[in-house]
Amino acid sequence: MLDIRFVRKNPEAVREALKKRRAAVDMAEYEALDEQRRALIAEVEELKARRNQASKEVAEAKRRGENAQAVIDSLGGLSERIKALDEQATAIDAKVQDILMAIPNIPHDSVPVGADESANQVVRLWGEPASFSFAPKDHVDLAVSLGGLDAERAAKIAGARFAVLTGWAAALERALAQFMLDVHILEHGYKEVMPPVIVNTKTMTGTGQLPKFAADLFKLAETDYWLIPTAEVPVTNLYADETLPAETLPLDHCAYTPCFRSEAGSYGRDTRGLIRLHQFNKVELVRFVRPEESYERLEELTRQAETILQKLGLPYRVVALCSGDLGFSSAKTYDIEVWLPAQNAYREISSCSNFEDFQARRAGIRFKEKGGKGANLVHTLNGSGLAVGRTMVAVLENCQQADGSVVVPEVLRPYMRGLEVIRPA
RNA sequence: GGAGAGGUAGCGAAGUGGCCGUAACGCGCCCGACUCGAAAUCGGGUUGUCGGUGAUGAGCCGGCACGUGGGUUCAAAUCCCACCCUCUCCGCCA
């Protein structure tokens, strides 16, 4: 959420940002409501000040043992008027908040302006896509023929967009996750957290998933519980309504959790295999940083996520999302896209974003300088490090051999009981 | 699921209708004094948010906030109602 005073004083900057994002918010209505809100507040506050003043006089008179009936009588109806105005103010404030919550973050100056993903900019490439002497199979064919993926039974017990991994595939999923965690914990200094994967509405609102994107989420019936679409939600909100000592920044957490997404509106896309599921596992990196260094930290974060692909030897590219492709809460995002030979394309495997103070304001996450006066909002960042299922897809497709076997990347072998090659059972 | 206790500032905690949200007291933290320096000691300071004014700063003025939401009252941390959360004991349970 943007600062209500910033929006009031910089309406043109907000309109400009909305235009760059191709987002529609009725700013004229918003401004009219905001003005009404302030007028009402001024009116009701004046009445309350009068009431408080009179109450003080009554108290003083009673203390002196005098009769205060005259003052009390003069207040007739004041509280009723205050109550009526208060109700109006509350109603208008709710409307203002609704719109304010629907205004997306302002894209950073370095974000390329464009309508959709075709305007995204490739920032760098790493690795050479291997040239195969045979037609590379896709990950579904590989996983099924190697006996690791059972899509039929997944559909039977849950439905479409679920997967059952068996044997080596289940082990590979665990191996990838643990490998990623070890790198981020041991080499990049992140502290691991294992949070709840069910959260309440307040938490979902803190990071910006609600109120706008309820349709993308799973909600538990008859409760205030939601399944997290990413560990970003519980981990960022760990420090909601807290003031962190400045010396603890940057505060870096990684978390390995399942993620749940309804994938509403993606019918027909990526219906095969492990690319787009209702439930998948992800190692997430979340950082709480000082505002002045958040962009430097975003570069660092992106490189840390890239490290995983480099160690696995998987070719990828880094893309700066354009304004029209940017997520609602993000001021700047780099997507990391891994090479998938069977699709002959780069596909998203990580998304690294700087939310500046957008989430921190919603969630109430501040920091305070030791001995300093007042608290300021932190900047929050997060990035996948990485999506585990999609990493498995990339490993299978990039490391396959002509005979249908798959070579296990060396760094994973210690996590796979030394297994070097995955062969049909 | 049953019974009980409790939610007040960074933490602990006092506070049964007005002089208590400028929130006692203690701890922590910050500034100062003392000291060669430190500890101890002494003095002072230390919530957030919204509105107005200022320059989107500082300051000043005002409103609100004692778990949340209602109610009673001229006036609520305090009285009444509902809900949420935490802790203890019992039951159940991986």
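Hydrogens, waters and symmetry mates play no part in the numbers below; they use all other heavy atoms, side chains included.
- As rounded to the nearest Å, B:G7 and B:A14 have C1' atoms that lie 15 Å from one another.
- By the 30° and 60° cut-offs, the orientation of the rings of A:Y190 relative to A:H188 is perpendicular.
- Regarding contacts with the backbone of B:G71, a side-chain N or O of A:K83 is found under 4.0 angstrom from either OP1 or OP2.
- For the P atoms, the distance from B:U22 to B:U46 is 11 Å, rounded to whole Å.
- Rounded to an integer number of Å, the gap from A:I82 CD1 to B:U73 P is 15 Å.
- With hydrogens and angles disregarded, a donor-acceptor distance shorter than 3.5 Å links the side chain of A:T223 to the backbone of A:L220.
- Within the 4.0 angstrom heavy-atom criterion, only backbone atoms of the sugar-phosphate kind lie near A:A49; the bases stay farther away.
- Per the geometry, CD belonging to A:Q53 stands 13 Å off P belonging to B:C19, to the nearest Å.
- In terms of modelled atom types and a separation under 3.5 Å, the side chain of A:E337 and the main chain of A:E348 share no donor-acceptor contact.
- As rounded to whole Å, 9 Å separates atom P of B:C74 from atom CD of A:E80.
- A:R50 comes within 4.0 angstrom of nothing in the nucleic acid, heavy atoms only.
- The distance from atom CG of A:D241 to atom P of B:G10 is 12 Å, rounded to the nearest whole Å.
- Where A:F6 and A:V58 each meet RNA chain B at their nearest nucleotide, the meeting point lying more 5' is that of A:V58.
- The side chain of A:N200 places no N or O atom within less than 4.0 Å of a non-bridging phosphate oxygen (OP1 or OP2) of B:C84.
- Using modelled atom types, one finds a donor on one side chain and an acceptor on the other under 3.5 Å when comparing A:E232 with A:Q359.
- Listed nucleotides B:U49, B:G18, B:G54 differ in distance to A:S55; the shortest reach to its side chain belongs to B:G18.
- Separating the CZ atom of A:R81 from the C1' atom of B:C74 is a distance of 14 Å, rounded to the nearest angstrom.
- Contacts of A:R361 with the nucleic acid, taken as non-hydrogen atoms under 4.0 Å apart, are absent.
- B:G62 atom P lies 16 Å from atom CZ of A:R51, rounded to whole Å.
- Using a distance-only test at 3.5 Å, with no hydrogens or angles considered, a donor-acceptor pair links the side chain of A:N237 to the main chain of A:T203.
- Between atom CZ of residue A:R276 and atom CG of residue A:D270 there is a gap of 4.5 Å, rounded to the nearest 0.5 Å.
- Between A:R5 and B:C50 there is a side-chain polar atom (N or O) within less than 4.0 angstrom of OP1 or OP2.
- A heavy-atom distance below 4.0 Å to RNA chain B is reached by these residues of residues 32-46 of chain A, ordered by number: A:R37, A:R38, A:I41, A:E45.
- Glycosidic torsion of B:G6 falls outside 90° of 0, placing the base in anti.
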Exercise for the section: Report the C-alpha distance between A:F280 and A:F260 in whole Å, list the side-chain angles of each, state the deciding distance to 0.1 Å, and finish with yes or no for side chain to side chain contact (heavy atoms under 4.5 Å, CB included). Expected result: CA-CA 7 Å; A:F280 62 96; A:F260 305 90; over 6 Å; no
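- Summarising the geometry, the separation between CG on A:D224 and P on B:U68 is reported as 17 Å, rounded to the nearest angstrom.
- Rounded to whole Å, the separation between the C1' atoms of B:G51 and B:U41 comes to 45 Å.
- Pair assignment for B:A5: B:U86, on the basis of Watson-Crick or G-U wobble contacts that are both within less than 3.5 Å.
- Taking atom CZ of A:F367 as the reference point, atom P of B:G48 lies 14 Å away to the nearest angstrom.
- Remark: B:C11 base-pairs with B:G26; criterion is Watson-Crick or G-U wobble with both hydrogen-bond distances under 3.5 Å.
- Contact between the side-chain N/O atoms of A:N52 and the OP1/OP2 oxygens of B:G62 is not found at any separation under 4.0 Å.
- Taking the P atom of each, B:C31 and B:A39 are spaced 12 Å apart, rounded to whole Å.
- Nucleotide B:A39 is matched to nothing when pairs are restricted to Watson-Crick or G-U wobble geometry with both distances under 3.5 angstrom.
- Partner assigned to B:G91 is none, using Watson-Crick or G-U wobble distances below 3.5 angstrom.
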